[in-house]
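Below, chain A is the first sequence line, B the second, and so on; all start at residue 1. What you are looking at is a predicted structure, and each value in this text was computed from that prediction instead of being measured.
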Amino acid sequence: MGRKLLTEHINVEGIDTFEVYRKHGGYRSVEKAIKTMTPDEVVEEVKKSGLRGRGGAGFPTGMKWSFLAKPEGVPRYLVCNADESEPGTFKDRQLMAKLPHLLIEGMITSSYALGANTSYIYIRGELLYVLRILEKAIAEAYANGFLGKNILGSGYDLDLHVHPGGGAYICGEETALLESLEGKRGNPRNKPPFPAVQGLYARPTVVNNVESIAAVVPIVNDGGDEYAKIGVGRSTGTKLFSACGHLNKPGIYEIELGLPVEEFIYSDEYCGGIWKGRDLKAVVAGGSSVPILPKELILKTAAGENRLMTYESLSDGGFVTGTMLGSGGFIAMDETTCIVRNTWNFSRFYHHESCGQCSPCREGTGWLEKVLHRLEHGHGHMEDIDLLVSVAKQIEGNTICPLGEAAAWPVAAAVRHFRDEFEWHVTHAKQAAQPGAVFPGAAVLV
Amino acid sequence: METTAVKPQFSEAAQAEIKRLLTHYPDERRKSALLPVLHIAQAEFGGWVSPEVQDLVAETLGLKPIEVYEVSSFYTMFNLKPVGKHVLEICRTGPCMLRGSDELTAHLERITGAKVGGPASEDGLFTLKEVECLAACGFAPIVQVREKYYEQLDTPEAVDAMLTELRNQVHRPALPWEETGLPNALANN
Ligand SMILES: Cc1cc2nc3c(=O)[nH]c(=O)nc-3n(C[C@H](O)[C@H](O)[C@H](O)COP(=O)(O)O)c2cc1C
Ligand code: SF4
Ligand code: FES
């Protein structure tokens, strides 16, 4: 059994209340940080831990914190990214709904480290029921002296608020999130300036994912070095994976980074194998924005080594034979899955969610959806397959935010690994367009 | 619609909640409260935000009406047209599709008589809306109705249980700042 630094108590009765959470060691990190450490010492521990942002990009959290500008007399903010909208990802929702005080504790300790006196949790609007849970927990934290003026008699003040979005995937992108928090449309900002210099209300701001903030709690409690002992190489600590699709036991799992992918999929401790006794066909390992891999390449790297659940191992082989850890949204597809249909579904998602500011993204996602739609519905041509690759290339590197690439990469990967299946959709158009049609061939591995 | 006949007003409970929300942001940044206040407005006025309701939101926050319109039209949660008593938001994204969301949508269209993207069912009870990933992919397929998630709707029995529960709802469930559900909350009927 791997260690559970975040979810050890997740199923304890009443753990969503202050009293029970506190009984299980809750809020110790706040006491330790505020009473025995300077803010910079907290930042130092987070640096030592090697924690990498859990929102998708994997940027080292301690380093991000040390970039925060600190001009005299200007307020700065910590904003928690709880927008969680990347298809396949549902870890933050589970963590917040069941362990609201863990996030609040992490927010207090992190805000202290950054010198923020007002912090926000931006939660996607669909999760209003989780916002209610968080607001109740925040009220308890105020009542017990962990929020508000002069926390634990230290002279440190902090107000914490939860803010709902309105339904827009793009608001997970950090600058779109800040626009949205200011009451505007969620259009990503041009960078620079980066949020660390000009973020919320044009003031220095750190934006971190829910899970990154929660991980600060065990890091401060046990020390950054202890945390860094878990994992492999630069992938330290534990990570939440949300497993879905054709698995026997979908759900969220906290794993020690370094677990073999094969064990994660097939062992009874985790996903328990593929449903209905079927074979695995493909996996999208880190949310819909990362390249899809066929079974053979998700279990083993091109060099034949066991694929591990680490940032490095999942990306081994680059975009030719590898993928990315991303947000930890792990989507498994069984042997009956139509890759073209699935790729079309995801491209519809990105087209729907493009904010429309940059034409390569706005037009490109529209093209991808349209071409994939006609391939899936029996009206495609052979040239369409290369057209997909060329449209994807034209989006890459030509946009304000990474949504364009998030739309393009998965399409390119699907064509690379499943080209025969795309061609079959042209040569056997009628058959392929039938609901539930199954391509009889195999994936391309290199 | 009734809601558009007279100038809409927020209930006292909602006004108090808006006042509380405004303490979350710097005074000169009242606009930050726009999304939370639009959510309150949609809950208060029958599940959608008419132009009149949006004007009320603008007035309440001291914004120009256009500042509200451009935001309400950007975010998918705000319904800009009248809706049935219950809006069923069906997730259609990949992981839910793998576990039967297409079949669920077809089934719901059949038994409610409403069409996705179309008007409410003839009895005025149900509007069907397809949405993107709701962050509950491991419990697919999913329908959201107001603040509630109905999960694992992969059997006719599970769907029936949801519809029965909704049919039996006279008022919408109360929100935390309300004592009870507003008597006029499901005003379309
Ligand atoms: C289109 C898009 C959507 C994103 N959605 C999320 C999200 O839902 N949650 C999240 O934490 N980060 C999301 N991100 C990443 C954020 O921009 C940002 O990198 C992250 O919140 C930083 O936190 P971290 O360093 O703790 O991971 C998204 C990025 C893009 C481009
Ligand atoms: S890449 Fe797409 S989503 Fe991002 S800013 Fe440009 S148009 Fe908007
Ligand atoms: S795909 Fe339906 S909840 Fe994520």
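- We find the NE2-OG1 distance between A:H352 and B:T76 to be 6.0 Å, quoted to the nearest 0.5 Å.
- Of the two parts of A:D159, neither the backbone nor the side chain holds a non-hydrogen atom closer than 4.5 Å to a non-hydrogen atom of chain B.
- For the residue pair A:E182 and B:K31, the shortest heavy atom distance occurs at O-CG, 3.6 Å.
- Between A:R132 and B:L175 there is a side-chain heavy-atom pair separated by less than 4.5 Å.
- Screening residues 338-351 of chain A for salt bridge (charged side-chain N to carboxylate O under 4.0 Å, His left out) gives A:R341-A:E376, A:R341-B:D102 as the qualifying pairs, with residues at least two apart or on separate chains.
- Few gaps surround CD on B:E165; more than 12 heavy atoms of other groups in view lie less than 6.0 Å from it.
- For a residue to count as touching a neighbouring chain, one of its non-hydrogen atoms must lie under 4.5 Å from one of that chain's; by this rule B:A140 does not touch chain A.
- For chain B, the option among A:C244, A:A168, A:G251 with the highest count of heavy-atom pairs below 4.5 Å is A:C244.
- For the set A:K91, A:K249, A:E135, A:E86, the entry with the most heavy-atom pairs within less than 4.5 Å of chain B is A:E135.
- Remark: A:F346 CZ to B:E132 CD distance equals 10.0 Å, nearest 0.5 Å.
- Heavy-atom distances place no part of A:T336 under 4.5 Å from chain B, backbone and side chain included.
- For B:H39, the part lying near chain A is the side chain, with the backbone staying farther off; criterion is any non-hydrogen pair under 4.5 Å.
- Interatomic distance, NE2 of B:H24 versus NE2 of A:H163, reported as 11.0 Å (0.5 Å rounding).
- Only the backbone of A:L247 has a heavy atom closer than 4.5 Å to any heavy atom of chain B.
- Proximity to chain A (any heavy atom under 4.5 Å) is shown, for B:R92, by both the backbone and the side chain.
- A pairwise comparison of heavy atoms in A:A332 and B:L98 identifies O-CD1, 3.9 Å as the closest pair.
- At a threshold of 4.0 Å, the pair A:R93-B:E151 counts as salt-bridged, since one of the basic side-chain nitrogens sits closer than that to a carboxylate oxygen.
- Judged by distance alone, the side chain of B:T93 and the main-chain N or O of A:P87 form no donor-acceptor pair under 3.5 Å.
- Neither the backbone nor the side chain of A:F330 comes within less than 4.5 Å of any heavy atom in chain B.
- With a 4.5 angstrom heavy-atom cutoff, A:S85 touches chain B only via backbone atoms.
- Within 6.0 Å of the CD atom in B:E28, the count of heavy atoms belonging to other residues, nucleotides or ligands exceeds 12.
- Using a 4.5 Å cut-off between heavy atoms, A:C338 makes no contact with chain B at all.
- Contacts of A:W344 with chain B are absent, with no heavy-atom separation under 4.5 Å from either backbone or side chain.
- Within a 6.0 Å sphere centred on CG of B:N168, heavy atoms belonging to other residues, nucleotides or ligands number more than 12.
- The candidate from A:H246, A:K136, A:E84 with the greatest count of non-hydrogen atom pairs under 4.5 Å with chain B is A:H246.
- Of residues 61-74 of chain B, those residues with a non-hydrogen atom less than 4.5 Å from any non-hydrogen atom of chain A are, in numerical order, B:E70, B:V71, B:S73, B:F74.
- Shortest non-hydrogen contact noted between B:P26 and A:Y201 is CD-CE1, 3.5 Å.
- To the nearest 0.5 Å, the span separating CG on A:L200 from OG on B:S32 amounts to 6.5 Å.
- Against chain A, no residue from residues 103-112 of chain B qualifies, as none has a non-hydrogen atom under 4.5 angstrom away.
- Heavy-atom pairs under 4.5 Å with chain B peak, among A:S242, A:G165, A:A243, at A:G165.
- Closest of all the heavy-atom pairs between B:Y75 and A:R185 is OH-C, 3.6 Å.
- With rounding to the nearest 0.5 angstrom, the SG atom of B:C137 is 12.5 Å from the CD1 atom of A:I252.
- Using a 4.5 Å cut-off between non-hydrogen atoms, the part of residues 122-129 of chain A that approaches chain B consists of A:Y122, A:R124, A:G125, A:E126, A:L127, A:L128, A:Y129.
- A:Y120 touches chain B through its side chain: at least one heavy atom from C-beta onward sits under 4.5 Å away, while N, CA, C and O do not.
- Chosen from B:C96, B:C133, B:A33, the residue pairing most often with chain A at heavy-atom distances under 4.5 Å is B:C133.
- Looking at A:T118 and B:Y25, their side chains never bring a donor and an acceptor atom within 3.5 Å of each other.
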